[in-house]
Trainee: 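Pasting a structure below so you can have a look.
No hydrogens, no waters, no symmetry mates; every other heavy atom, side chains included, goes into these values. Atoms within each ligand, like the ligands themselves, are counted from 1 in listed order.
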Amino acid sequence: GVVIVVPPVSNDTGIKMIPDNAHPFQAPGPNDQRGPCPGLNTLANHGYLPRNGIASFEQIITAVREGFNMEHDLAGALAGFAMLARGNAFIDLVSIGGESPLVPVLPGAIDGPNPPGGISKHGRFEGDVSMTRQDAAIGDNVHFQDSLYDELLLYTGRFGDDSPVTGNGSIVTTKVMQEFKFARFVEDQVKDPVLQYHVGRFTLSYGEAAFVLNFFANGTDGTLSTPVMGSFFRNQTFPDDWYRRSSPGDINLIGEGVDQILSAHPIAPGANDANGNYVLDAPLNTCSAVYFNLAVQNLPASYSKATGILKQNVNTLIQAIAKPFGCPAVFPTGPS
Ligand code: HEM
Ligand code: MG
């Protein structure tokens, strides 16, 4: 086993041009893992993450700061959740794509995330109503889908701002995400008979729209043009003359983004029933419903059987997930 140690907070958090000379784009090889996250895919294509797509908790936190200026505790919660949901916390490795022989099953009686699956595996982290990937029950939930991206471009043309450089209706704004995210929900509510949009996935889904606005935008002026967005989504490469954001993007920034995007069409968490009706969830009365749904209800209770290094790592990761929510760490109670 490998003992997981939360990296210290770095003070390298200013604006800078990305990539540097040490991190050129290189297309992934046939055995390299890539998956549903355009941010992590891009980092791996430039070697900010291991190019094989198999990464440790520490490597993910460092890479998302270096490449995108994602704040330390938000990164820790996402990386910790990915590791416990779909990785091997004993050897501190998770695939940013699918199943890999480099990430074997957990030792002992831990039947939770076995096989680990990688973050492409549906449920727990990967979920419904993504922007550029289909719901798992409808189609390809892992790879970039042209038809969905075309829809995002259509909404940008209709609701986006104008730019003297890239043209009219080519700047992606909160307004674009307000209309596009609502349209995606309406589509999947009709098309996906097993749509699951509980509070954890619901909030991550809106959070990922806020990631697009806040982490893909050029740090020079904070605007996001369609060519820049296309570089990340379609080509999974950093655009030319691109700067990461000028201050760390943390959970509060993303939370405000989620609230703004939702405010135009305020839908709520729920799931489709057997008749295709969207049934709202009862509110969870906890410190944070998002934290509780993701990290307590959706992570396997079998982690309680862990001993030794695995037990130590599980505790470290559970605390990393709880931290930016300001909630006490609670042990998982979910199914295998
Ligand atoms: C989606 C993991 C960081 C941007 C996803 C998904 C996973 C994931 C599992 C799929 C969810 C779904 O849509 O079903 C992670 C982890 C991170 C991380 C573990 C570690 C910190 C980032 C960063 C960015 C980013 C830094 C932006 C720079 C996105 C976007 C999507 C997404 C835009 C939605 C894609 C779509 O809906 O088409 N991420 N991510 N992520 N991620 Fe990440
Ligand atoms: Mg998805």
Trainee: State which residue, out of T156, L224, T223, fulfils the side-chain contact (heavy atoms from CB on, under 4.5 Å) condition with I171.
Mentor: T223
Trainee: Please determine whether R133 has a backbone or side-chain N, O or S atom lying under 2.8 Å from the Mg ion (ligand 2).
Mentor: no
Trainee: From the N, O or S atoms in E126, identify the one nearest to the Mg ion (ligand 2).
Mentor: OE2
Trainee: Once the angle between the rings of Y278 and F185 is folded into 0 to 90°, is it parallel (under 30°), tilted (30 to 60°) or perpendicular (over 60°)?
Mentor: perpendicular
Trainee: Consider side-chain contact (heavy atoms from CB on, under 4.5 Å). Of N214, I60, L78, I61, which one does M70 pass it with?
Mentor: L78
Trainee: Of F232, Y243, F25, F216, which meets ring pair (Phe, Tyr, Trp, His ring centres under 6.0 Å) against F238?
Mentor: F232
Trainee: Would you verify whether the NZ or CZ of K181 falls within 45 degrees of the ring axis of Y206 while also being under 6.0 Å from that six-membered ring's centre?
Mentor: yes
Trainee: Name the residues with a heavy atom less than 4.0 Å from ligand 1?
Mentor: P36, C37, P38, G39, L40, I60, V64, F68, M70, L78, A82, I119, F125, E126, G127, S130, M131, T132, R133, R201, E208, F211, V212, F215, F216, F233
Trainee: With sequence neighbours excluded, what pairs up with F325 under the ring pair (Phe, Tyr, Trp, His ring centres under 6.0 Å) test?
Mentor: Y291
Trainee: Is S205 close enough to the Mg ion (ligand 2) to have an N, O or S atom under 2.8 Å?
Mentor: no
Trainee: Test N293 against H198 for side chain to side chain donor-acceptor pair (under 3.5 Å), laying out the working first.
Mentor: CA-CA 8 Å; N293 183 226; H198 301 299; over 6 Å; no
